[in-house]
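Atoms considered below: every heavy atom in the structure, side chains included; atoms not considered: hydrogens, waters and symmetry mates. Proteins come first, then strands; the chains are lettered A, B, ... in the order of their sequence lines, and each starts at number 1.
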Amino acid sequence: MYQRIYSVVGNIPAGKVATYGQVAGIAGRCSPRQVGYALSALPEGHDIPWHRVINRQGRVSPRSFPGGDLVQRHLLEAEGVVFNDKDRVDLERFGWDPVWQHGNSVVKGGE
DNA sequence: AGATTGACTGCAT
DNA sequence: CATGCAGCCAATC
């Protein structure tokens with residue numbers, strides 16, 4: 001029943017990134033853990049840009065198998081996301097604004 | 001139904 | 001900046 005989360009992740013535009021907590025908040029009353037857990041349980045024929053989901057630190061999380069986080073970084077760079085010298089992404093700049101998504105689900109007070 | 005875990009987050013040390 | 005602790009919700013055993 002992670003379809004909800006997958007839907008949110010799928011709404012993330014290329015060149016942007018979202019945090020687990022953010023996705024969790026948009027997806028529903030879930031906890032960031034469920035998001036990570038959901039992505040770890042990604043279906044085989046998924047179409048989910050899971051690499052656009054990172055943690056609050058602006059860094060990719062240490063996933064289940066070694067080397068995977070490196071792949072995520074490459075995918076993000078391929079979409080235009082830039083990493084700092086500390087391997088971190090500027091969430092203030094690449095952070096996804098789910099303002100137009102779901103609409104009512106997110107009362108971000110918009111800018 | 002109870003216990004454990006998991007790609008998280010925030011605060012304290 | 002790294003590590004530790006607790007809250008969080010759902011899935012799995």
One should read off an interatomic distance between Ile26(A) CD1 and Arg4(A) CZ, to the nearest 0.5 angstrom, of 10.5 Å

- Message: Run the side chain to side chain contact (heavy atoms under 4.5 Å, CB included) test on Trp50(A) and Gln72(A) for me, step by step, so that the C-alpha distance in whole Å, both residues' side-chain angles and the decisive distance to 0.1 Å come before the verdict.
- Response: CA-CA 8 Å; Trp50(A) 57 274; Gln72(A) 183 168 11; 3.9 Å; yes

Assert: residue with more 5' nearest nucleotide on DNA chain C, out of Tyr37(A) and Ser31(A), is Ser31(A)

The answer to which of Pro32(A) and Arg59(A) contacts DNA chain C further toward the 5' end, by nearest nucleotide, is Arg59(A)

Rounded to whole angstrom units, what separation is found between the [atom1] atom of [X] and the [atom2] atom of [N]?
X        : N       : atom1 : atom2 : answer
Leu42(A) : dA7(B)  : CG    : C1'   : 10 Å
Tyr20(A) : dG6(B)  : OH    : P     : 14 Å
Asp87(A) : dA7(B)  : CG    : P     : 20 Å
Arg4(A)  : dA10(C) : CZ    : C1'   : 15 Å
Gln3(A)  : dA11(C) : CD    : C1'   : 16 Å
Ile5(A)  : dA7(B)  : CD1   : C1'   : 12 Å
Arg56(A) : dC11(B) : CZ    : P     : 11 Å
Asn55(A) : dA2(C)  : CG    : C1'   : 15 Å

What's the verdict on side chain to side chain contact (heavy atoms under 4.5 Å, CB included) for Arg52(A) and Leu76(A), showing C-alpha distance, side-chain angles and the deciding distance?
-> CA-CA 7 Å; Arg52(A) 291 186 194 141; Leu76(A) 290 174; 4.3 Å; yes

| query | Any idea which of dC9(C), dA7(B), dT9(B) is nearest the Gln34(A) side chain? | reply |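 Out of dC9(C), dA7(B), dT9(B), the nucleotide with an atom closest to Gln34(A)'s side chain is dC9(C).
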
Between the main-chain N or O of Gly95(A) and the side-chain N or O of Gln22(A), is there a donor-acceptor pair closer than 3.5 Å? no

